[in-house]
Amino acid sequence: MNTKKMKVVILCGGTGTRMREETEFKPKPLVPIGKMPVLWHIMKIYSHYGFKDFVLCLGYKGEMIKEYFLNFEEMTNDFTLNLRSKKEKVTHHDKAHLEDWNITFADTGLETNTGGRVKGIEHLIDGDEFFLTYGDGLSNVNIMKLLDYHRSKKKVGTLTAIHPTSPFGIIEVSNGIAKSFKEKPRLEGLINGGFFIFNKKIFDYLEENSVLEEEPLRKLTDERRLAVYEHTDFWQCMDTFKDVERLNKMWREGDTPWKVWKRP
């Protein structure tokens, strides 16, 4: 199989209840960072490495994601429209480079859990391997190194693990006196950071509404069939409204470690 033809599956169906300020009116993957939705940023990461065949697992307000990409050219460019013309005539100005992406929009249900959403797109995976990630996580993980690592381990799946940062400052105390103060330090343990790679055997571990992060990954772990790729650089999940504000501030200031591509 041509490696570049590997599908990139993105989970886009959650309700985003922890950031209701944004997701009451739009699905979380369409919450913007700068002028573009976080989903676009994620797709740009994979596209930079040559992976441009996407499967979006839709659920909550999935029709808005369809509409966004159906009208992508008009949504991202200035244009002139003659309303009196019998034919629609659109002249675009400052035309941005249109992405060479193939996107499959898969309705995987409104209440379906993560594993069930993946199970629901089994028929769309025509190769032996595929990428899988969440529609709200950004990173500068090197996708090609991740793929090489996955293949070297010869396991059913590979999970990208990251060191989380504490949401609080940590104070070290000696004899009642502050010895040191660390503002939101990186913690020692590892957590699931998404950016998975699976071979098709993963579908044998999934049921119609299973939670990927529970029984399927636990079973793979028990069988020693889940590899872990440790990523020690940038990773950020857009889980709360504060995360949205933080990522937008980083974008405005040009502090964008996840932007591995070049702006047009």
Side-chain angles (χ1 to χ4, degrees), residues 7-49 51-79 92 94-108 110 112 114 117 121 131-141 143 193-196 234-264:
K7 297 284 178 63
V8 180
V9 180
I10 305 179
L11 295 168
C12 299
T15 56
T17 54
R18 296 184 63 188
M19 45 187 297
R20 184 58 66 184
E21 299 93 335
E22 290 282 356
T23 57
E24 183 177 357
F25 304 106
K26 64 173 75 72
K28 188 195 284 191
L30 289 187
V31 173
I33 299 175
K35 293 183 178 181
M36 305 299 284
V38 63
L39 176 58
W40 176 87
H41 291 260
I42 296 167
M43 295 168 79
K44 286 288 285 186
I45 294 169
Y46 283 97
S47 178
H48 171 74
Y49 291 97
F51 301 102
K52 302 180 180 183
D53 201 347
F54 298 94
V55 178
L56 305 185
C57 298
L58 306 180
Y60 175 72
K61 295 187 182 296
E63 70 282 357
M64 294 183 68
I65 296 176
K66 292 179 181 179
E67 290 171 1
Y68 177 82
F69 284 104
L70 282 169
N71 299 300
F72 184 82
E73 191 172 6
E74 284 73 22
M75 295 289 288
T76 56
N77 291 281
D78 296 338
F79 64 92
H92 293 269
D94 191 24
K95 188 172 183 177
H97 173 66
L98 285 179
E99 310 296 346
D100 182 21
W101 295 346
N102 294 314
I103 308 174
T104 300
F105 301 89
D107 184 358
T108 54
L110 188 60
T112 313
T114 50
R117 294 191 190 282
I121 56 87
F131 295 100
L132 173 71
T133 197
Y134 302 105
D136 61 358
L138 296 173
S139 179
N140 61 354
V141 59
I143 299 300
F195 293 92
F196 302 93
F234 176 81
W235 179 91
Q236 177 65 54
C237 179
M238 196 180 70
D239 196 38
T240 67
F241 187 64
K242 285 186 177 180
D243 296 330
V244 177
E245 292 180 319
R246 181 183 304 112
L247 286 167
N248 272 283
K249 182 175 184 289
M250 292 175 69
W251 184 262
R252 289 193 303 270
E253 295 176 352
D255 179 18
T256 53
W258 72 89
K259 192 186 74 63
V260 293
W261 67 94
K262 293 182 179 179
R263 288 179 179 170

message: Quick one, Phe195 and Tyr46 - any side-chain contact, counting heavy atoms below 4.5 Å?
response: yes
query: How are the rings of Phe69 and Phe72 set to each other: parallel, tilted or perpendicular (split at 30° and 60°)?
result: parallel
field: Heavy-atom side-chain proximity of Phe131 to Ile143 below 4.5 angstrom
entry: yes
- prompt: Roughly how far, to the nearest 0.5 Å, is the CD1 atom of Ile33 from the CH2 atom of Trp251?
  reply: 8.0 Å
Lys61 NZ to Lys26 NZ distance, which is reported to the nearest 0.5 Å: 10.0 Å
message: Less than 4.5 Å apart, side chain to side chain, heavy atoms only: is that true for Pro29 and Ile65?
response: yes
field: Residues Glu99, Lys44: salt bridge by 4.0 Å N-O rule
entry: yes
- prompt: Judged by atom type as modelled, is there a donor-acceptor pair below 3.5 Å linking the side chain of Asn248 to the main-chain atoms of Pro32?
  reply: yes
message: Check Glu245 with Lys249, please: is the shortest side-chain N to carboxylate O separation under 4.0 Å?
response: no
- request: Flag the pair Thr133 / Phe196 as yes when at least one side-chain heavy-atom distance between them is below 4.5 Å, and no otherwise.
  value: no
message: Tell me if a side-chain donor or acceptor on Arg117 pairs with a main-chain N or O of Leu58 at a distance below 3.5 Å.
response: yes
Any side-chain heavy-atom pair of Pro257 and Met250 under 4.5 Å: yes
task: Measure the shortest side-chain to side-chain distance between Trp258 and Ile42 over non-hydrogen atoms and say whether it is less than 4.5 angstrom.
output: no
- request: Could you tell me whether Arg246 and Asp255 make a salt bridge, using a distance below 4.0 angstrom between a side-chain N and a carboxylate O?
  value: no
message: Please tell me whether Trp101 and Ser47 have a donor and an acceptor in their side chains that are separated by less than 3.5 angstrom.
response: yes
query: When rounded to the nearest 0.5 angstrom, what is the spacing between CG in Leu39 and CD1 in Ile10?
result: 5.0 Å
message: Quick one, Leu138 and Ile45 - any side-chain contact, counting heavy atoms below 4.5 Å?
response: yes
- prompt: How many angstroms lie between CD in Gln236 and CG in Leu247, if you round to the nearest 0.5 Å?
  reply: 5.0 Å
message: Using a 3.5 Å distance criterion without hydrogens, assess whether the side chain of Asp136 forms a donor-acceptor pair with backbone atoms of Cys237.
response: no
Nearest-0.5 Å distance that lies between atom OH in Tyr68 and atom CE in Met75: 6.5 Å
task: Mind checking the CD1-SG spacing from Ile121 to Cys57? Nearest 0.5 Å is all I need.
output: 5.0 Å
